[in-house]
Amino acid sequence: MQLVDPFPGKYDASDPFGSHGYGRTNGHTGSDWIVGAGSPIPAIGDGEVVAVGWHPGNGNYLAVRLEDGHVYAYLHMDRPAPVTVGQKVTRGQTIGYVGNTGTNSQGSHLHITISDAVTAYIGLGHLIDPWQFIQDHLTTAPLFEGDTVLFIRIQSTARGIALIGPGYFRQLKTDEEVQQSDPLISKHLTGNDRQFDLWRSMAVAGQEAKSA
């Protein structure tokens, strides 16, 4: 199963899943992406629409069941979703628009909740961290044709994602560090802009050498 980040670089890391910010009693039920009102929202993954409607606290919402049984719900949309219950949607398809509806919203943004229940749109079911779930299933592509698709994702909030092959990642570790932990099983790292630029330049240089 492959997913997409709905708005790369717009994830609100200051208010993650489970956060008790904004006076919450039970913790944040999902993850937020700070995006302007009216922005088209892509389906993060293929699935079937299982709920569409209005909730006083969460505003316009919709929920989609993925092929693995998880349900992702979009909240606070600025208008009713342009899809209906039972409709099949595909990854990347526009299925809503960012808004600020419902009393639980404090500014235009996309809120995603993921659980094992259709009622994910009201925070019910076994909830999981949407940001981490998306990161674990991100659609990726190999840097070099024919190479093993086994990469470390380097995330820079300001600049996006760089895909670095295992060989390059090893260059950034000492032999002792490599022996202590296998660097090839890491899913993603978060780096500052200087590190991001370094890792990206290494990937570009490697790609040019491969194609020469």
Side-chain angles (χ1 to χ4, degrees), residues 2-67 70-125 127-135 137-139 155 157-161:
Q2 295 181 318
L3 306 178
V4 295
D5 185 328
F7 297 104
K10 300 297 184 180
Y11 168 62
D12 184 10
S14 68
D15 189 24
F17 175 72
S19 166
H20 284 78
Y22 301 98
R24 297 188 188 93
T25 300
N26 298 319
H28 197 190
T29 61
S31 301
D32 294 337
W33 282 257
I34 308 302
V35 192
S39 299
I41 307 171
I44 61 171
D46 299 345
E48 179 182 344
V49 177
V50 291
V52 178
W54 168 267
H55 180 270
N58 297 331
N60 290 306
Y61 68 81
L62 74 82
V64 176
R65 180 182 286 115
L66 293 165
E67 60 187 26
H70 282 98
V71 174
Y72 63 87
Y74 292 161
L75 311 184
H76 312 307
M77 297 186 301
D78 74 343
R79 69 195 82 166
V83 292
T84 57
V85 173
Q87 181 176 335
K88 301 290 186 180
V89 298
T90 58
R91 186 175 66 247
Q93 175 185 340
T94 296
I95 57 175
Y97 298 88
V98 175
N100 182 31
T101 58
T103 58
N104 294 334
S105 182
Q106 301 184 39
S108 175
H109 70 288
L110 169 65
H111 171 106
I112 298 179
T113 292
I114 296 180
S115 85
D116 59 356
V118 172
T119 48
Y121 65 90
I122 51 175
L124 297 182
L127 303 178
I128 60 175
D129 183 342
W131 166 253
Q132 188 60 59
F133 185 76
I134 291 171
Q135 296 306 300
H137 294 85
L138 269 181
T139 300
Q155 172 76 39
T157 301
R159 303 194 183 189
I161 295 175

Exercise for the section: Decide yes or no on side chain to side chain contact (heavy atoms under 4.5 Å, CB included) for L75 and N104, but give the supporting numbers first. Expected result: CA-CA 10 Å; L75 311 184; N104 294 334; over 6 Å; no

Practice task
Measure the spacing between CG of L62 and CD1 of I41 and express it to the nearest 0.5 Å.
Solution key: 7.5 Å

Handout entry: Heavy-atom donor-acceptor pair, S115 side chain to L124 backbone, under 3.5 Å
Key = yes

Exercise for the section: Could you pull out the closest heavy-atom pair between D15 and D32, with the gap in Å? Expected result: OD2-OD2, 3.8 Å

Practice task
Dump the intermediate steps for side chain to side chain contact (heavy atoms under 4.5 Å, CB included) on L138 and D5, then the final yes or no.
Solution key: CA-CA 7 Å; L138 269 181; D5 185 328; 4.2 Å; yes

Completion exercise
CD1 (I112) and CD1 (I114) are apart, to the nearest 0.5 Å, by 6.5 Å

Problem - V71 to A63 - nearest heavy-atom pair and separation - result: CG1-CB, 3.7 Å

Handout entry: Over all atoms of both residues, closest heavy-atom pair of V52 and V83
Key = CG2-O, 3.9 Å

Handout entry: Which residues share a side chain to side chain donor-acceptor pair (under 3.5 Å) with Q87, sequence neighbours left out
Key = none

Exercise for the section: Please tell me if the side chains of V98 and W33 come closer than 4.5 Å, counting only heavy atoms from C-beta onward. Expected result: no

Practice task
Evaluate the side-chain proximity of P40 to Y97: yes if any heavy-atom separation is below 4.5 Å, no if none is.
Solution key: yes

Exercise for the section: Measure across A43 and T90 and return the closest heavy-atom pair with its distance rounded to 0.1 Å. Expected result: CB-O, 3.5 Å

Handout entry: Y11 (side chain) donor-acceptor with P16 (main chain) under 3.5 angstrom
Key = no

Fill in the blank from the handout: Rounded to the nearest 0.5 Å, the CD1 atom of I134 sits from the CD atom of Q2 at a distance of 14.0 Å

Practice task
Check for a donor-acceptor pair, side chain of S31 on one end and backbone N or O of F17 on the other, with a separation under 3.5 Å.
Solution key: no

Exercise for the section: May I ask you to decide if G45's main-chain N or O and Y72's side chain share a donor-acceptor pair within less than 3.5 Å? Expected result: yes

Handout entry: side-chain contact (heavy atoms from CB on, under 4.5 Å) partners of D116, counting only residues at least two apart
Key = H126

Practice task
Kindly say whether G99 contributes a backbone atom to a donor-acceptor pair with the side chain of D78 at under 3.5 angstrom?
Solution key: no

Exercise for the section: Mind listing the closest non-hydrogen atom pair of G36 and S108 along with its distance? Expected result: C-OG, 3.3 Å

Fill in the blank from the handout: Separation between CG (D12) and CH2 (W131), nearest 0.5 Å, reads 11.0 Å

Handout entry: Proximity of H55 and Y121 rings by center, below 6.0 Å
Key = no

Handout entry: Pairwise distance CG(D129) to OG1(T29) - rounded to 0.5 angstrom
Key = 11.0 Å

Exercise for the section: Would you confirm whether H76, through its side chain, and T101, through its main-chain N or O, come within 3.5 Å as a donor-acceptor pair? Expected result: yes

Practice task
Please round to the nearest 0.5 Å and tell me the distance separating atom NE2 of H28 and atom OG1 of T113.
Solution key: 7.0 Å

Completion exercise
On a heavy-atom basis, the closest approach of W54 and Y61 is N-CE2, 3.3 Å

Practice task
Give the ring-plane orientation class for H109 versus H111, where under 30° counts as parallel, over 60° as perpendicular and anything between as tilted.
Solution key: perpendicular

Practice task
Kindly indicate whether the side chain of K10, heavy atoms from C-beta on, has any atom under 4.5 Å from the side chain of L110.
Solution key: no

